[in-house]
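Both backbone and side-chain heavy atoms feed into the values below; hydrogens, waters and symmetry mates do not. A note on names: the letters A, B, ... follow the listed sequences, proteins ahead of strands, and every chain is numbered from 1.
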Protein chains: 2
Amino acid sequence: MDTADIIQSIKSIEFESPTDKIIQQLKQLIVSGQLKPGDRLPAERVLAEKLGVGRSYVREAIRKLEFFGLLKTSPQSGTYVSGYSIKMIEGVLTDIINFNKDDFSALIEARYYMEINAARLAAMRRTEEDLALLRSAVEDYDLKVNSKQDAIQEDMFIHLRIANATKNSVFESMLLMLLPDMIRNIVEKKICGDNRGVKAMAEHHEILQAIADQDADAAGAAMAAHLDDIFRISKEVKLI
Amino acid sequence: MDTADIIQSIKSIEFESPTDKIIQQLKQLIVSGQLKPGDRLPAERVLAEKLGVGRSYVREAIRKLEFFGLLKTSPQSGTYVSGYSIKMIEGVLTDIINFNKDDFSALIEARYYMEINAARLAAMRRTEEDLALLRSAVEDYDLKVNSKQDAIQEDMFIHLRIANATKNSVFESMLLMLLPDMIRNIVEKKICGDNRGVKAMAEHHEILQAIADQDADAAGAAMAAHLDDIFRISKEVKLI
DNA sequence: AACCAATAATTGGTTAACCAAATGTAGGGT
DNA sequence: ACCCTACATTTGGTTAACCAATTATTGGTT
(Lines give C-alpha, C1' and ligand atoms only; values in the text may rest on other atoms or scores of the structure.)
Protein backbone atom coordinates (compact mmCIF):
# COMPACT_ATOMS: atom_id res chain seq x y z
CA MET A 1 0.00 0.00 0.00
CA ASP A 2 1.32 3.36 -0.99
CA THR A 3 2.12 5.84 1.76
CA ALA A 4 -0.22 8.37 0.22
CA ASP A 5 -3.03 5.86 0.34
CA ILE A 6 -2.38 5.12 3.96
CA ILE A 7 -2.55 8.79 4.80
CA GLN A 8 -5.77 8.97 2.85
CA SER A 9 -7.41 6.23 4.87
CA ILE A 10 -6.16 7.64 8.13
CA LYS A 11 -7.68 10.98 7.30
CA SER A 12 -11.02 9.37 6.72
CA ILE A 13 -11.30 8.48 10.38
CA GLU A 14 -13.23 11.59 11.15
CA PHE A 15 -13.36 12.59 14.71
CA GLU A 16 -16.62 14.32 15.14
CA SER A 17 -15.63 17.88 15.93
CA PRO A 18 -17.31 19.69 18.83
CA THR A 19 -18.91 22.02 16.31
CA ASP A 20 -20.63 19.21 14.48
CA LYS A 21 -21.87 17.70 17.71
CA ILE A 22 -23.42 21.02 18.63
CA ILE A 23 -25.10 21.22 15.25
CA GLN A 24 -26.57 17.79 15.86
CA GLN A 25 -27.89 18.94 19.22
CA LEU A 26 -29.42 22.07 17.74
CA LYS A 27 -31.01 19.95 15.06
CA GLN A 28 -32.46 17.74 17.76
CA LEU A 29 -33.88 20.78 19.54
CA ILE A 30 -35.56 21.95 16.36
CA VAL A 31 -36.82 18.57 15.25
CA SER A 32 -38.22 17.73 18.66
CA GLY A 33 -40.26 20.90 18.49
CA GLN A 34 -38.62 22.59 21.47
CA LEU A 35 -37.40 25.19 18.99
CA LYS A 36 -39.87 26.34 16.38
CA PRO A 37 -39.09 28.43 13.31
CA GLY A 38 -38.99 32.07 14.31
CA ASP A 39 -38.04 31.27 17.89
CA ARG A 40 -35.02 32.73 19.51
CA LEU A 41 -32.25 30.39 20.51
CA PRO A 42 -31.02 30.39 24.08
CA ALA A 43 -28.15 32.79 24.60
CA GLU A 44 -24.75 31.57 23.49
CA ARG A 45 -23.55 31.41 27.07
CA VAL A 46 -26.51 29.32 28.14
CA LEU A 47 -26.09 26.92 25.23
CA ALA A 48 -22.40 26.62 25.91
CA GLU A 49 -22.95 25.77 29.55
CA LYS A 50 -25.83 23.42 28.83
CA LEU A 51 -23.74 21.56 26.26
CA GLY A 52 -20.70 21.63 28.48
CA VAL A 53 -18.48 23.27 25.92
CA GLY A 54 -16.81 26.59 25.23
CA ARG A 55 -18.73 29.43 23.70
CA SER A 56 -16.41 29.53 20.69
CA TYR A 57 -17.77 26.23 19.49
CA VAL A 58 -21.32 27.37 19.89
CA ARG A 59 -20.50 30.48 17.92
CA GLU A 60 -18.82 28.48 15.19
CA ALA A 61 -21.76 26.13 14.91
CA ILE A 62 -24.12 29.07 14.66
CA ARG A 63 -21.98 30.66 11.98
CA LYS A 64 -22.05 27.50 9.95
CA LEU A 65 -25.79 27.19 10.20
CA GLU A 66 -26.07 30.86 9.38
CA PHE A 67 -24.04 30.40 6.21
CA PHE A 68 -26.54 27.82 5.06
CA GLY A 69 -29.38 30.15 5.91
CA LEU A 70 -30.84 28.09 8.72
CA LEU A 71 -30.23 30.60 11.48
CA LYS A 72 -30.07 34.35 11.59
CA THR A 73 -28.28 36.21 14.36
CA SER A 74 -28.70 39.87 15.21
CA PRO A 75 -26.20 41.64 17.46
CA GLN A 76 -27.35 42.46 20.95
CA SER A 77 -30.57 40.67 20.28
CA GLY A 78 -30.17 36.99 19.72
CA THR A 79 -30.05 34.18 17.22
CA TYR A 80 -33.25 33.14 15.55
CA VAL A 81 -34.39 30.10 13.62
CA SER A 82 -35.20 31.15 10.07
CA GLY A 83 -38.83 30.45 9.77
CA TYR A 84 -39.07 28.86 6.42
CA SER A 85 -38.23 25.27 6.51
CA ILE A 86 -38.37 22.94 9.43
CA LYS A 87 -38.90 19.84 7.37
CA MET A 88 -35.72 20.58 5.50
CA ILE A 89 -33.73 20.76 8.67
CA GLU A 90 -35.17 17.51 9.84
CA GLY A 91 -34.47 15.70 6.63
CA VAL A 92 -31.01 16.55 5.55
CA LEU A 93 -29.19 18.78 7.95
CA THR A 94 -26.70 16.05 8.58
CA ASP A 95 -25.60 15.99 4.98
CA ILE A 96 -24.96 19.68 4.92
CA ILE A 97 -22.40 19.66 7.63
CA ASN A 98 -19.64 17.76 6.03
CA PHE A 99 -20.32 18.85 2.47
CA ASN A 100 -18.36 15.86 1.40
CA LYS A 101 -16.16 17.18 -1.33
CA ASP A 102 -14.04 14.06 -1.19
CA ASP A 103 -16.29 12.01 -3.39
CA PHE A 104 -14.31 12.59 -6.50
CA SER A 105 -16.69 11.12 -9.03
CA ALA A 106 -19.52 13.21 -7.59
CA LEU A 107 -17.31 16.25 -7.79
CA ILE A 108 -16.44 15.60 -11.40
CA GLU A 109 -19.99 14.86 -12.31
CA ALA A 110 -21.31 18.04 -10.75
CA ARG A 111 -18.63 19.99 -12.49
CA TYR A 112 -19.41 18.29 -15.78
CA TYR A 113 -23.00 19.42 -15.85
CA MET A 114 -22.35 22.85 -14.44
CA GLU A 115 -19.58 23.62 -16.88
CA ILE A 116 -21.58 22.63 -19.91
CA ASN A 117 -24.27 25.05 -18.90
CA ALA A 118 -21.65 27.64 -18.04
CA ALA A 119 -20.14 27.37 -21.49
CA ARG A 120 -23.55 27.86 -23.07
CA LEU A 121 -24.28 30.90 -20.95
CA ALA A 122 -20.83 32.32 -21.57
CA ALA A 123 -21.34 32.01 -25.30
CA MET A 124 -24.58 33.90 -25.05
CA ARG A 125 -23.42 36.66 -22.75
CA ARG A 126 -19.71 37.16 -23.15
CA THR A 127 -18.49 40.68 -23.75
CA GLU A 128 -15.47 41.58 -25.86
CA GLU A 129 -13.51 41.98 -22.64
CA ASP A 130 -14.48 38.52 -21.45
CA LEU A 131 -13.36 37.14 -24.76
CA ALA A 132 -10.00 38.89 -24.59
CA LEU A 133 -9.36 37.58 -21.08
CA LEU A 134 -10.38 34.07 -22.06
CA ARG A 135 -8.17 34.16 -25.14
CA SER A 136 -5.27 35.31 -23.02
CA ALA A 137 -5.86 32.47 -20.54
CA VAL A 138 -5.93 29.94 -23.38
CA GLU A 139 -2.66 31.30 -24.73
CA ASP A 140 -1.06 31.06 -21.31
CA TYR A 141 -2.07 27.43 -21.16
CA ASP A 142 -0.64 26.75 -24.62
CA LEU A 143 2.67 28.30 -23.68
CA LYS A 144 3.03 26.14 -20.60
CA VAL A 145 2.12 22.95 -22.39
CA ASN A 146 4.38 23.69 -25.34
CA SER A 147 7.28 24.14 -22.98
CA LYS A 148 6.40 20.81 -21.31
CA GLN A 149 5.52 22.46 -18.03
CA ASP A 150 2.70 21.58 -15.69
CA ALA A 151 -0.32 23.61 -16.70
CA ILE A 152 -3.08 22.56 -14.38
CA GLN A 153 -3.42 25.97 -12.83
CA GLU A 154 -3.70 27.57 -16.23
CA ASP A 155 -6.29 24.97 -17.17
CA MET A 156 -8.39 25.84 -14.17
CA PHE A 157 -7.99 29.50 -14.90
CA ILE A 158 -9.52 29.06 -18.32
CA HIS A 159 -12.56 27.48 -16.78
CA LEU A 160 -12.72 30.27 -14.26
CA ARG A 161 -12.77 32.83 -17.04
CA ILE A 162 -15.63 31.01 -18.67
CA ALA A 163 -17.51 30.95 -15.40
CA ASN A 164 -16.88 34.65 -15.07
CA ALA A 165 -18.31 35.28 -18.52
CA THR A 166 -21.63 33.72 -17.57
CA LYS A 167 -22.42 36.88 -15.64
CA ASN A 168 -24.01 34.67 -13.03
CA SER A 169 -22.38 35.13 -9.65
CA VAL A 170 -23.95 32.02 -8.19
CA PHE A 171 -22.64 29.83 -10.96
CA GLU A 172 -19.24 31.39 -10.63
CA SER A 173 -19.05 30.99 -6.88
CA MET A 174 -20.10 27.39 -7.03
CA LEU A 175 -17.55 26.45 -9.63
CA LEU A 176 -15.02 28.33 -7.58
CA MET A 177 -15.88 26.20 -4.60
CA LEU A 178 -15.33 23.02 -6.53
CA LEU A 179 -12.09 23.92 -8.25
CA PRO A 180 -9.57 23.55 -5.43
CA ASP A 181 -10.84 20.09 -4.61
CA MET A 182 -10.83 19.20 -8.26
CA ILE A 183 -7.22 20.19 -8.56
CA ARG A 184 -6.30 18.34 -5.42
CA ASN A 185 -7.92 15.15 -6.61
CA ILE A 186 -6.52 15.34 -10.09
CA VAL A 187 -3.02 15.84 -8.80
CA GLU A 188 -3.31 13.14 -6.17
CA LYS A 189 -4.79 10.59 -8.50
CA LYS A 190 -2.45 11.53 -11.31
CA ILE A 191 -5.30 11.62 -13.76
CA CYS A 192 -3.60 13.69 -16.40
CA GLY A 193 -1.52 11.66 -18.80
CA ASP A 194 1.35 13.19 -20.68
CA ASN A 195 -0.44 13.55 -23.98
CA ARG A 196 -3.46 14.98 -22.23
CA GLY A 197 -2.14 18.52 -22.41
CA VAL A 198 -1.79 18.59 -26.17
CA LYS A 199 -5.23 17.15 -26.70
CA ALA A 200 -6.73 19.60 -24.21
CA MET A 201 -5.09 22.45 -26.07
CA ALA A 202 -7.10 21.76 -29.20
CA GLU A 203 -10.25 21.33 -27.16
CA HIS A 204 -9.75 24.65 -25.44
CA HIS A 205 -9.46 26.35 -28.80
CA GLU A 206 -12.71 24.82 -29.93
CA ILE A 207 -14.48 26.10 -26.85
CA LEU A 208 -12.91 29.50 -27.31
CA GLN A 209 -14.04 29.64 -30.92
CA ALA A 210 -17.58 28.68 -30.05
CA ILE A 211 -17.77 31.33 -27.36
CA ALA A 212 -16.26 33.88 -29.73
CA ASP A 213 -18.95 32.97 -32.27
CA GLN A 214 -21.57 33.26 -29.54
CA ASP A 215 -22.76 29.81 -30.51
CA ALA A 216 -24.20 28.30 -27.35
CA ASP A 217 -24.83 24.82 -28.75
CA ALA A 218 -21.31 24.53 -30.10
CA ALA A 219 -19.85 25.82 -26.84
CA GLY A 220 -21.80 23.29 -24.82
CA ALA A 221 -20.81 20.46 -27.12
CA ALA A 222 -17.15 21.47 -27.13
CA MET A 223 -17.12 21.66 -23.36
CA ALA A 224 -18.79 18.28 -23.08
CA ALA A 225 -16.18 16.78 -25.36
CA HIS A 226 -13.45 18.43 -23.34
CA LEU A 227 -14.72 17.05 -20.06
CA ASP A 228 -15.70 13.62 -21.32
CA ASP A 229 -12.23 12.16 -20.96
CA ILE A 230 -11.78 13.10 -17.36
CA PHE A 231 -15.39 12.22 -16.59
CA ARG A 232 -14.90 8.74 -17.98
CA ILE A 233 -11.66 8.27 -16.12
CA SER A 234 -13.26 9.29 -12.83
CA LYS A 235 -15.93 6.66 -13.29
CA GLU A 236 -13.28 4.03 -13.84
CA VAL A 237 -11.45 5.18 -10.74
CA LYS A 238 -14.61 4.73 -8.76
CA LEU A 239 -14.77 1.07 -9.69
CA ILE A 240 -11.34 0.30 -8.35
CA MET B 1 -41.63 53.63 0.78
CA ASP B 2 -42.46 50.50 2.69
CA THR B 3 -40.73 49.93 5.99
CA ALA B 4 -39.50 46.55 4.79
CA ASP B 5 -37.90 48.16 1.76
CA ILE B 6 -36.16 50.72 3.91
CA ILE B 7 -34.70 48.01 6.06
CA GLN B 8 -33.61 46.23 2.91
CA SER B 9 -31.69 49.24 1.62
CA ILE B 10 -30.14 49.89 5.00
CA LYS B 11 -28.89 46.36 5.18
CA SER B 12 -27.15 46.73 1.85
CA ILE B 13 -24.70 49.19 3.35
CA GLU B 14 -22.19 46.49 4.05
CA PHE B 15 -19.72 47.21 6.72
CA GLU B 16 -16.65 45.39 5.71
CA SER B 17 -16.28 42.92 8.52
CA PRO B 18 -12.87 42.45 10.16
CA THR B 19 -12.78 38.94 8.78
CA ASP B 20 -13.09 40.09 5.20
CA LYS B 21 -10.43 42.73 5.69
CA ILE B 22 -8.07 40.07 6.95
CA ILE B 23 -8.84 37.89 3.95
CA GLN B 24 -7.97 40.81 1.70
CA GLN B 25 -4.66 41.23 3.53
CA LEU B 26 -3.85 37.55 3.23
CA LYS B 27 -4.68 37.70 -0.44
CA GLN B 28 -2.29 40.62 -0.79
CA LEU B 29 0.46 38.64 0.93
CA ILE B 30 -0.02 35.74 -1.45
CA VAL B 31 -0.37 37.79 -4.61
CA SER B 32 2.65 39.92 -3.80
CA GLY B 33 4.70 36.77 -3.56
CA GLN B 34 5.59 37.12 0.10
CA LEU B 35 3.61 33.95 0.65
CA LYS B 36 4.11 31.18 -1.89
CA PRO B 37 2.02 28.03 -2.23
CA GLY B 38 3.26 25.50 0.28
CA ASP B 39 4.55 28.13 2.65
CA ARG B 40 3.49 28.31 6.22
CA LEU B 41 1.55 31.32 7.35
CA PRO B 42 2.80 33.33 10.30
CA ALA B 43 1.35 32.10 13.58
CA GLU B 44 -2.15 33.24 14.37
CA ARG B 45 -0.91 35.36 17.23
CA VAL B 46 1.63 37.10 15.04
CA LEU B 47 -0.90 37.78 12.32
CA ALA B 48 -3.38 39.08 14.86
CA GLU B 49 -0.89 41.49 16.35
CA LYS B 50 0.45 42.58 12.98
CA LEU B 51 -3.06 43.28 11.72
CA GLY B 52 -4.03 44.92 14.97
CA VAL B 53 -7.01 42.69 15.59
CA GLY B 54 -8.12 39.88 17.85
CA ARG B 55 -7.04 36.34 17.13
CA SER B 56 -10.65 35.22 16.76
CA TYR B 57 -10.96 37.16 13.54
CA VAL B 58 -7.77 35.71 12.18
CA ARG B 59 -9.05 32.25 12.99
CA GLU B 60 -12.38 32.94 11.36
CA ALA B 61 -10.71 34.22 8.22
CA ILE B 62 -8.51 31.15 8.08
CA ARG B 63 -11.51 28.88 8.53
CA LYS B 64 -13.29 30.57 5.67
CA LEU B 65 -10.31 30.23 3.37
CA GLU B 66 -9.93 26.65 4.52
CA PHE B 67 -13.52 25.89 3.57
CA PHE B 68 -12.76 27.03 0.06
CA GLY B 69 -9.64 24.90 0.00
CA LEU B 70 -7.18 27.74 -0.19
CA LEU B 71 -5.49 27.08 3.14
CA LYS B 72 -4.88 23.98 5.20
CA THR B 73 -4.24 24.13 8.91
CA SER B 74 -2.73 21.38 11.02
CA PRO B 75 -2.96 21.46 14.81
CA GLN B 76 0.20 22.26 16.68
CA SER B 77 1.97 22.82 13.40
CA GLY B 78 0.67 25.75 11.46
CA THR B 79 -1.46 26.90 8.58
CA TYR B 80 -0.22 26.34 5.07
CA VAL B 81 -1.08 27.73 1.67
CA SER B 82 -2.43 24.93 -0.46
CA GLY B 83 -0.05 24.69 -3.28
CA TYR B 84 -2.27 24.29 -6.23
CA SER B 85 -3.64 27.53 -7.38
CA ILE B 86 -2.10 30.92 -6.89
CA LYS B 87 -3.53 32.47 -10.01
CA MET B 88 -6.98 31.62 -8.83
CA ILE B 89 -6.45 33.43 -5.60
CA GLU B 90 -5.14 36.44 -7.43
CA GLY B 91 -7.97 36.60 -9.88
CA VAL B 92 -11.17 36.07 -8.05
CA LEU B 93 -10.75 35.59 -4.35
CA THR B 94 -12.76 38.70 -3.70
CA ASP B 95 -15.85 37.26 -5.33
CA ILE B 96 -15.72 34.14 -3.24
CA ILE B 97 -15.98 35.84 0.07
CA ASN B 98 -19.40 37.32 -0.13
CA PHE B 99 -20.94 34.58 -2.23
CA ASN B 100 -23.61 37.02 -3.20
CA LYS B 101 -26.72 34.95 -2.85
CA ASP B 102 -28.87 38.05 -3.07
CA ASP B 103 -28.88 38.22 -6.84
CA PHE B 104 -32.20 36.54 -7.19
CA SER B 105 -32.22 36.04 -10.94
CA ALA B 106 -28.77 34.46 -10.76
CA LEU B 107 -29.98 32.22 -7.98
CA ILE B 108 -33.00 31.11 -9.95
CA GLU B 109 -30.98 30.58 -13.07
CA ALA B 110 -28.42 28.44 -11.31
CA ARG B 111 -31.16 26.44 -9.73
CA TYR B 112 -32.89 26.07 -13.08
CA TYR B 113 -29.98 24.38 -14.76
CA MET B 114 -28.95 22.33 -11.77
CA GLU B 115 -32.41 20.99 -11.15
CA ILE B 116 -32.92 19.90 -14.71
CA ASN B 117 -29.78 17.85 -14.51
CA ALA B 118 -30.76 16.63 -11.08
CA ALA B 119 -34.09 15.41 -12.39
CA ARG B 120 -32.35 13.52 -15.19
CA LEU B 121 -29.90 11.90 -12.80
CA ALA B 122 -32.66 11.07 -10.35
CA ALA B 123 -34.61 9.34 -13.10
CA MET B 124 -31.58 7.25 -13.95
CA ARG B 125 -30.56 6.30 -10.46
CA ARG B 126 -33.55 6.43 -8.16
CA THR B 127 -34.18 3.39 -6.01
CA GLU B 128 -37.59 2.16 -4.99
CA GLU B 129 -37.08 3.81 -1.64
CA ASP B 130 -36.27 7.14 -3.26
CA LEU B 131 -39.42 6.84 -5.29
CA ALA B 132 -41.55 6.11 -2.25
CA LEU B 133 -40.16 9.11 -0.39
CA LEU B 134 -40.66 11.36 -3.38
CA ARG B 135 -44.20 10.17 -3.85
CA SER B 136 -44.92 10.83 -0.21
CA ALA B 137 -43.51 14.34 -0.50
CA VAL B 138 -45.65 15.03 -3.54
CA GLU B 139 -48.73 13.84 -1.68
CA ASP B 140 -47.92 16.09 1.27
CA TYR B 141 -47.76 19.02 -1.10
CA ASP B 142 -51.08 18.13 -2.68
CA LEU B 143 -52.75 17.94 0.70
CA LYS B 144 -51.56 21.38 1.72
CA VAL B 145 -52.57 22.98 -1.55
CA ASN B 146 -55.95 21.31 -1.59
CA SER B 147 -56.66 22.69 1.85
CA LYS B 148 -55.59 26.16 0.63
CA GLN B 149 -52.59 26.25 2.93
CA ASP B 150 -49.16 27.62 2.20
CA ALA B 151 -47.07 24.81 0.74
CA ILE B 152 -43.73 26.35 -0.06
CA GLN B 153 -41.89 24.17 2.41
CA GLU B 154 -43.46 21.06 0.98
CA ASP B 155 -42.54 22.29 -2.48
CA MET B 156 -38.90 22.65 -1.50
CA PHE B 157 -38.98 19.27 0.14
CA ILE B 158 -39.99 17.63 -3.11
CA HIS B 159 -37.00 19.15 -4.83
CA LEU B 160 -34.81 18.05 -1.99
CA ARG B 161 -35.98 14.47 -2.41
CA ILE B 162 -35.13 14.62 -6.08
CA ALA B 163 -31.69 15.98 -5.27
CA ASN B 164 -31.27 13.15 -2.82
CA ALA B 165 -32.16 10.59 -5.46
CA THR B 166 -29.32 11.75 -7.72
CA LYS B 167 -26.92 9.92 -5.42
CA ASN B 168 -24.52 12.78 -5.93
CA SER B 169 -23.63 14.44 -2.64
CA VAL B 170 -22.12 17.48 -4.31
CA PHE B 171 -25.25 18.16 -6.31
CA GLU B 172 -27.34 17.67 -3.22
CA SER B 173 -25.28 19.95 -1.03
CA MET B 174 -25.23 22.70 -3.58
CA LEU B 175 -28.96 22.67 -4.08
CA LEU B 176 -29.27 22.63 -0.32
CA MET B 177 -27.20 25.75 -0.11
CA LEU B 178 -29.43 27.58 -2.55
CA LEU B 179 -32.77 26.56 -1.10
CA PRO B 180 -33.03 28.80 1.96
CA ASP B 181 -32.23 31.87 -0.10
CA MET B 182 -34.66 30.75 -2.75
CA ILE B 183 -37.41 30.46 -0.18
CA ARG B 184 -36.56 33.80 1.33
CA ASN B 185 -36.67 35.56 -2.02
CA ILE B 186 -39.83 33.89 -3.15
CA VAL B 187 -41.62 34.80 0.05
CA GLU B 188 -40.29 38.35 0.08
CA LYS B 189 -41.10 39.03 -3.54
CA LYS B 190 -44.45 37.25 -3.34
CA ILE B 191 -43.74 35.41 -6.54
CA CYS B 192 -46.29 32.70 -6.07
CA GLY B 193 -49.74 33.60 -7.31
CA ASP B 194 -52.82 31.91 -5.91
CA ASN B 195 -53.37 29.59 -8.83
CA ARG B 196 -49.71 28.67 -8.92
CA GLY B 197 -50.16 25.88 -6.41
CA VAL B 198 -52.71 23.97 -8.44
CA LYS B 199 -50.67 24.23 -11.61
CA ALA B 200 -47.53 23.17 -9.79
CA MET B 201 -49.39 20.15 -8.47
CA ALA B 202 -49.88 18.75 -11.94
CA GLU B 203 -46.29 19.51 -12.86
CA HIS B 204 -45.01 17.69 -9.81
CA HIS B 205 -46.96 14.63 -10.81
CA GLU B 206 -45.44 14.71 -14.27
CA ILE B 207 -41.96 14.85 -12.82
CA LEU B 208 -42.79 12.06 -10.42
CA GLN B 209 -44.11 9.91 -13.23
CA ALA B 210 -41.02 10.46 -15.36
CA ILE B 211 -38.74 9.56 -12.50
CA ALA B 212 -40.86 6.52 -11.72
CA ASP B 213 -40.52 5.47 -15.36
CA GLN B 214 -36.79 6.09 -15.17
CA ASP B 215 -37.13 8.28 -18.24
CA ALA B 216 -34.36 10.88 -17.98
CA ASP B 217 -35.42 12.97 -20.97
CA ALA B 218 -39.00 13.20 -19.78
CA ALA B 219 -37.88 14.06 -16.25
CA GLY B 220 -35.63 16.83 -17.49
CA ALA B 221 -38.35 18.23 -19.71
CA ALA B 222 -40.95 18.08 -16.98
CA MET B 223 -38.63 19.83 -14.56
CA ALA B 224 -37.84 22.51 -17.13
CA ALA B 225 -41.53 23.10 -17.68
CA HIS B 226 -42.07 23.28 -13.94
CA LEU B 227 -39.35 25.84 -13.41
CA ASP B 228 -40.02 27.89 -16.52
CA ASP B 229 -42.75 29.97 -14.91
CA ILE B 230 -40.71 31.07 -11.97
CA PHE B 231 -37.67 31.54 -14.17
CA ARG B 232 -39.57 33.85 -16.47
CA ILE B 233 -41.01 35.80 -13.56
CA SER B 234 -37.59 36.32 -12.08
CA LYS B 235 -36.34 37.80 -15.31
CA GLU B 236 -39.23 40.21 -15.32
CA VAL B 237 -38.52 41.18 -11.76
CA LYS B 238 -34.98 41.97 -12.74
CA LEU B 239 -36.14 44.53 -15.24
CA ILE B 240 -38.08 46.52 -12.68
C1' DA C 1 -54.39 52.85 36.09
C1' DA C 2 -51.23 54.37 32.50
C1' DC C 3 -47.11 56.07 31.04
C1' DC C 4 -42.42 57.41 31.19
C1' DA C 5 -37.54 57.46 32.98
C1' DA C 6 -33.76 55.46 35.09
C1' DT C 7 -31.41 51.45 36.12
C1' DA C 8 -30.19 46.56 36.16
C1' DA C 9 -29.66 42.41 33.57
C1' DT C 10 -28.79 40.13 29.21
C1' DT C 11 -27.26 40.08 24.48
C1' DG C 12 -23.63 39.09 20.84
C1' DG C 13 -18.90 41.18 19.78
C1' DT C 14 -14.13 41.13 21.03
C1' DT C 15 -9.99 40.37 23.40
C1' DA C 16 -6.79 38.07 26.45
C1' DA C 17 -5.24 34.14 28.94
C1' DC C 18 -4.53 29.22 29.53
C1' DC C 19 -3.72 24.30 27.75
C1' DA C 20 -1.64 20.26 25.73
C1' DA C 21 0.77 18.71 21.90
C1' DA C 22 4.43 19.22 18.61
C1' DT C 23 8.79 21.02 17.33
C1' DG C 24 13.24 22.99 17.57
C1' DT C 25 17.47 23.18 20.37
C1' DA C 26 21.08 22.55 23.41
C1' DG C 27 23.94 19.46 25.95
C1' DG C 28 25.87 15.22 27.33
C1' DG C 29 27.07 10.46 26.23
C1' DT C 30 29.12 7.24 22.90
C1' DA D 1 31.70 13.62 14.93
C1' DC D 2 27.31 11.66 15.65
C1' DC D 3 23.19 10.61 18.01
C1' DC D 4 19.97 10.59 21.59
C1' DT D 5 17.60 12.73 25.43
C1' DA D 6 15.63 16.43 28.09
C1' DC D 7 13.96 20.95 28.08
C1' DA D 8 12.24 25.28 26.43
C1' DT D 9 9.62 27.46 22.93
C1' DT D 10 5.96 27.82 19.63
C1' DT D 11 1.89 25.95 17.65
C1' DG D 12 -3.25 25.77 17.18
C1' DG D 13 -7.17 24.44 20.47
C1' DT D 14 -10.04 26.03 24.15
C1' DT D 15 -11.87 28.66 27.76
C1' DA D 16 -12.89 32.71 30.45
C1' DA D 17 -13.30 37.60 30.98
C1' DC D 18 -14.45 42.19 29.32
C1' DC D 19 -17.17 45.59 26.35
C1' DA D 20 -20.81 48.32 24.35
C1' DA D 21 -25.42 48.12 22.96
C1' DT D 22 -30.00 46.51 23.66
C1' DT D 23 -33.76 45.02 26.32
C1' DA D 24 -36.43 44.12 30.44
C1' DT D 25 -37.74 45.82 34.87
C1' DT D 26 -38.87 48.72 38.36
C1' DG D 27 -40.19 52.86 40.58
C1' DG D 28 -42.21 57.17 40.44
C1' DT D 29 -45.13 60.64 38.34
C1' DT D 30 -49.35 62.22 36.17
Below 30° counts as parallel, above 60° as perpendicular, anything between as tilted: where do the rings of H226(B) and H159(B) land? parallel
Whole angstroms only, please: what is the [atom1]-[atom2] distance between [X] and [N]?
{"X": "Y80(A)", "N": "dT22(D)", "atom1": "OH", "atom2": "P", "value": "13 Å"}
{"X": "E44(A)", "N": "dA9(C)", "atom1": "CD", "atom2": "C1'", "value": "17 Å"}
{"X": "L41(B)", "N": "dT11(D)", "atom1": "CG", "atom2": "P", "value": "12 Å"}
{"X": "E60(B)", "N": "dG13(D)", "atom1": "CD", "atom2": "C1'", "value": "16 Å"}

dG13(D) phosphate, OP1 or OP2: any side-chain N/O from R59(B) under 4.0 angstrom? yes
Applying the 3.5 Å cut-off to both distances, the Watson-Crick or G-U partner of dA26(C) turns out to be dT5(D)
Closer to the 5' end of DNA chain D via nearest nucleotide, is it P18(A) or R40(A)? P18(A)
Is it true that D130(B) and K167(B) have a side-chain N and a carboxylate O under 4.0 angstrom from each other? yes
Any side-chain heavy atom of V170(B) within less than 4.5 Å of one from E109(A)? no
Note, D150(B) side chain near K144(B) side chain (heavy atom, < 4.5 Å): no
With L41(A), which of T73(A), V58(A), L26(A), L65(A) fulfils side chain to side chain contact (heavy atoms under 4.5 Å, CB included)? L26(A)
Set of side chain to side chain contact (heavy atoms under 4.5 Å, CB included) partners for S74(B), sequence neighbours left out: S77(B)
Between the protein and nucleotides 16-19 of chain D, list every N/O to N/O distance that falls short of 3.5 Å.
unit_1: dA17(D); atom_1: N6; unit_2: R55(A); atom_2: NH2; d: 3.3
unit_1: dC18(D); atom_1: N4; unit_2: R45(A); atom_2: NH2; d: 2.9

